[in-house]
Protein chains: 2
Amino acid sequence: MAKEVKLTRNQQVVMAALTDAGQPLSAYQILDLEVVRDNGLKAPLTIYRALEKLMALGQVHRIESLNAFVACDHEPHAEPAAFMICQDCRCTIEFSTTSLSRSIARHAGQHGFQMAGMHLEVSGHCEACASAH
Amino acid sequence: MAKEVKLTRNQQVVMAALTDAGQPLSAYQILDLEVVRDNGLKAPLTIYRALEKLMALGQVHRIESLNAFVACDHEPHAEPAAFMICQDCRCTIEFSTTSLSRSIARHAGQHGFQMAGMHLEVSGHCEACASAH
DNA sequence: AATGAAAGTGTTATGATATAACGGTAAGTT
DNA sequence: AACTTACCGTTATATCATAACACTTTCATT
Ligand SMILES: [Zn+2]
Ligand SMILES: [Zn+2]
Ligand SMILES: [Zn+2]
Ligand SMILES: [Zn+2]
């Protein structure tokens with residue numbers, strides 16, 4: 001959100017769908033939403049192209065371990081995002097990695113590796129699911 | 001390696017293929033190897049079943065961002081593995097996360113999240129590729 | 001306003017990754 | 001032997017993602 005770049009209609013539709021869902025959706029799950037189909041998006045590629053742009057803008061992140069996409073719930077961030085993913089309810093919590101990514105970059109440097117980006121996905125149980133046994 | 005569980009023939013073949021490759025391979029890349037086909041493995045599911053077992057044993061890890069699998073090059077580890085992945089030559093470096101995963105678990109706990117595991121994949125440039133401009 | 005470059009789109013087809021369902025086999029336990 | 005568990009082969013199918021092509025929209029420059 002909050003980035004002032006004019007999105008095309010397709011991009012707006014996909015962005016709205018993800019924001020509205022409040023959880024990760026696969027490209028095909030997005031495609032199957034009524035609100036998406038009713039707006040004329042009916043081919044996978046249409047969805048993927050919108051997602052590609054939205055990810056480039058940082059408004060959407062890809063969750064590798066789910067092959068899914070989620071709306072960013074932070075302001076545009078320079079630091080890479082990271083996620084906690086509940087194995088029970090599939091909810092995700094985005095958290096930022098200001099100090100963490102610095103420490104990882106340093107660690108990588110010790111192996112002669114020049115860090116450009118990272119994906120961190122923590123799996124486990126969210127507060128609600130953990131307390132429900 | 002180094003874990004004394006008796007592997008089946010299929011599992012041995014897949015494990016050997018990955019160890020020999022020394023880099024991540026997709027299930028279908030494994031399937032296409034002569035040494036694999038010559039041993040009678042000829043269906044994707046055969047590969048996936050062997051991989052599933054090898055991952056459960058911790059002898060193989062999945063690289064989410066590549067949809068690929070790689071032989072573990074550490075002794076069996078309790079801490080989750082993490083990887084640096086070169087964007088140029090696709091080589092991977094496994095590193096362990098003893099202190100890091102503790103710090104991440106603590107961070108997760110502050111969000112009420114109970115960490116069970118994690119995937120950390122750092123992208124960038126390995127020493128060889130970085131020095132070659 | 002005309003021109004031209006860059007980005008976006010629709011459509012069709014295809015490629016790449018992963019699992020379901022079934023019945024059968026091998027090996028260990030009692 | 002009877003039972004259990006893991007494993008296997010085969011076929012079909014589900015799921016995720018991109019290639020190729022022709023066309024349109026957008027917008028800065030002239
Ligand atoms: Zn974000
Ligand atoms: Zn949950
Ligand atoms: Zn390992
Ligand atoms: Zn490299």
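Predicted, not measured: the structure shown is a model, and the values here were computed from it. Computed over heavy atoms, backbone and side chain alike; hydrogens, waters and symmetry mates excluded.
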Considering only dG8(C), dA21(C), dG9(D), which nucleotide approaches the side chain of T46(B) most closely?
-> dG9(D)
Minimum heavy-atom separation for C91(B) to C126(B), with atom names?
-> SG-CB, 3.8 Å
For K53(B) and for N67(B), locate the closest nucleotide of DNA chain D by heavy-atom distance; then report the residue assigned to the nucleotide nearer the 5' terminus.
-> K53(B)
CD of Q23(B) to CD1 of I63(B): how many Å apart, nearest 0.5 Å?
-> 11.5 Å
For DNA chain C, what residues of residues 22-40 of chain A have any heavy atom nearer than 4.0 Å?
-> none
Between dC21(D) atom C1' and L45(A) atom CG, what is the distance in whole Å?
-> 12 Å
Closest approach of E121(A) to S65(A) (non-hydrogen atoms, all atoms of both residues) | OE1-OG, 2.6 Å
Greater than 12 external heavy atoms within 6.0 Å of R90(A)'s CZ | yes
Using 30° and 60° as the class limits, which term best fits the ring planes of Y48(B) and Y28(B): parallel, tilted or perpendicular?
-> perpendicular
Value in whole Å for how far the P atom of dT26(D) lies from CG of N10(A) = 12 Å
If the plane angle is over 60° it's perpendicular, under 30° parallel, otherwise tilted; pick one for H77(B) and H74(B).
-> perpendicular
Under 4.0 Å between a side-chain N or O of R62(B) and OP1 or OP2 of dT17(C)?
-> no
Which sits closer to the 5' end of DNA chain C, A50(A) or P44(A), going by the nucleotide each is nearest to?
-> A50(A)
Atom CD of E64(B) and atom C1' of dA18(C) are separated, to the nearest Å, by 13 Å
Spacing of Y48(B) atom OH relative to dA16(C) atom P, expressed in whole Å | 12 Å
Among dC7(D), dG28(C), dA17(D), the one nearest any side-chain atom of K6(B) is dG28(C)
Value in whole Å for how far the C1' atom of dG9(D) lies from CD of Q11(B) | 15 Å
Is there a donor and acceptor pair closer than 3.5 Å between the side chain of R9(A) and the base of dG8(C)?
-> no
Phosphate oxygens OP1/OP2 of dT9(C): is one of them under 4.0 Å from a side-chain N or O of T8(A)?
-> yes
Expressed in angstrom and rounded to an integer, what is the separation of I47(B) atom CD1 from dG9(D) atom C1'?
-> 13 Å
Rounded to whole angstrom units, what separation is found between the CG atom of L41(B) and the P atom of dT10(D)?
-> 11 Å
Taking every non-hydrogen atom, the tightest pair across A27(B) and L51(B) = CB-CD1, 4.2 Å
Between C1' of dA20(C) and CZ of R49(B), the distance in whole Å = 11 Å
